[in-house]
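So the structure is just underneath, and the comments pick up after that.
Side chains included, hydrogens not; waters and symmetry mates left out as well; all remaining heavy atoms used.
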Amino acid sequence: MSFKFKREATRSGSRVNALREYTYPDGKLAARERVIYEGDDLVSYAIEETQIGAAGAVRIQRDASSPAKSALLFEYAKDLASGSKPKTSTEALRNDTLTSDMVATFLLSHWAELSKGEKVKCRYLVCAAPGDGRVHVCKGIRNHLQGRGMVIIRMEATSLIIARLVDPVFFTLEKDGQHRVLEYTGRVTPKTKVGNKWDDLDATSCLTGPTR
């Protein structure tokens, strides 16, 4: 199964609204993500999983007077048609909290460490697993791919339980120039249908980044 991906961003002052859509080849919507930034800060992230009739969101509640009290507010409804209340949870906001829209920029901001094979950590947000504290570690694992100036970065969960359920993802970046993300291999937002069941999908995507 293949999908098309489109990202559009609009700016109003310091606020940026990013719309990310995954569609089938015939144009039918598979999933939609909306991300809002204020300057360099993430404000909110929302996802509509139209394939499975689910939706979720994460809102960042910042406390300017006491940053340690800043929080992530999660909600997720796995069956919108049922009308049941979304599952909610709260956790403390950590440094380097990311959505999928922010990964390319994060990798670029830590290029010096990653290009030398060092590790950097981030909190990767997944609405379907609210409040699970999912932390990932990124590490540059290979240089000069096939004789070309590229670097591969591996990203995987630090939790052994999550790591058993979700395979690592790999980003191929230009070693020189803008360090654009050329390829992504791993878990993607759309699902794939196997019989009567929707399963998570691992795929390869050709990308360009960073996105902001």
ring-ring contact (aromatic ring centres under 6.0 Å, His included) evaluation trace for Phe171 with Tyr184 = CA-CA 5 Å; Phe171 301 87; Tyr184 165 91; 5.2 Å; yes
For Lys197, the side chain to side chain contact (heavy atoms under 4.5 Å, CB included) test, sequence neighbours excluded, returns Asp199
Sequence neighbours excluded, the answer for side chain to side chain contact (heavy atoms under 4.5 Å, CB included) partners of Pro168 is Arg154, Glu156, Phe170
Let me confirm one number: the [atom1]-[atom2] distance from [X] to [Y], rounded to the nearest 0.5 Å.
X      : Y      : atom1 : atom2 : answer
Glu118 : Cys138 : CD    : SG    : 13.0 Å
Asp202 : Thr192 : CG    : OG1   : 10.5 Å
Thr172 : Glu183 : OG1   : CD    : 5.0 Å

Look at the side chain of [X] and the backbone N and O of [Y], then say whether any donor-acceptor pair between them is shorter than 3.5 Å.
X      : Y      : value
Glu174 : Arg180 : yes
Ser66  : Asp63  : no
Ser14  : Gly39  : no

So does [X] pair up with [Y], basic N to acidic O under 4.0 Å?
X      : Y      : result
Asp96  : Lys121 : no
Arg20  : Glu8   : no
Asp200 : Arg187 : yes

Linking I/L/V/M/F/W/Y whenever their side-chain heavy atoms sit closer than 4.5 Å, directly or via other members, would Leu80 and Val58 fall into one cluster?
-> no
Does Leu98 share a hydrophobic cluster with Ile153, counting links as ILVMFWY side-chain heavy atoms below 4.5 Å and allowing steps through other members?
-> yes
For [X], does the [atom1] atom have more than 12 heavy-atom neighbours from other residues, nucleotides or ligands under 6.0 Å away?
X      : atom1 : answer
Asn196 : CG    : no
Lys193 : NZ    : yes
Leu165 : CG    : yes

Of all heavy-atom pairs between [X] and [Y], which one has the smallest distance, and what is that distance?
X     : Y      : result
Glu75 : Thr88  : CB-CG2, 3.9 Å
Phe74 : Val126 : CE2-O, 4.4 Å
Ser70 : Arg62  : OG-CA, 3.4 Å
Ala31 : Leu29  : O-CD1, 3.4 Å

Less than 6.0 Å separating the ring centroids of Phe5 and Tyr22?
-> yes
Quick one: are [X] and [Y] in side-chain contact, heavy atoms under 4.5 Å?
X      : Y      : result
Ser205 : Val188 : yes
Ile60  : Asp41  : no
Glu33  : Thr189 : yes
Leu42  : Met102 : yes

In sequence, state the C-alpha distance, the side-chain angles, and the governing distance for Lys119 and Glu113, and then conclude on salt bridge (charged side-chain N to carboxylate O under 4.0 Å, His left out).
-> CA-CA 7 Å; Lys119 295 180 180 181; Glu113 305 101 293; over 6 Å; no
Would Asp101 and Tyr37 count as having a side-chain donor-acceptor pair, cut-off 3.5 Å?
-> yes
Take Val137 and Met155, measure what side-chain contact (heavy atoms from CB on, under 4.5 Å) needs, and give me the verdict at the end.
-> CA-CA 6 Å; Val137 62; Met155 180 178 177; over 6 Å; no
Share the residues that join Val43 in a hydrophobic cluster, the rule being Ile, Leu, Val, Met, Phe, Trp or Tyr side chains under 4.5 Å apart at the heavy-atom level.
-> Ile36
Test Glu49 against Lys78 for salt bridge (charged side-chain N to carboxylate O under 4.0 Å, His left out), laying out the working first.
-> CA-CA 9 Å; Glu49 298 180 273; Lys78 65 179 182 179; over 6 Å; no
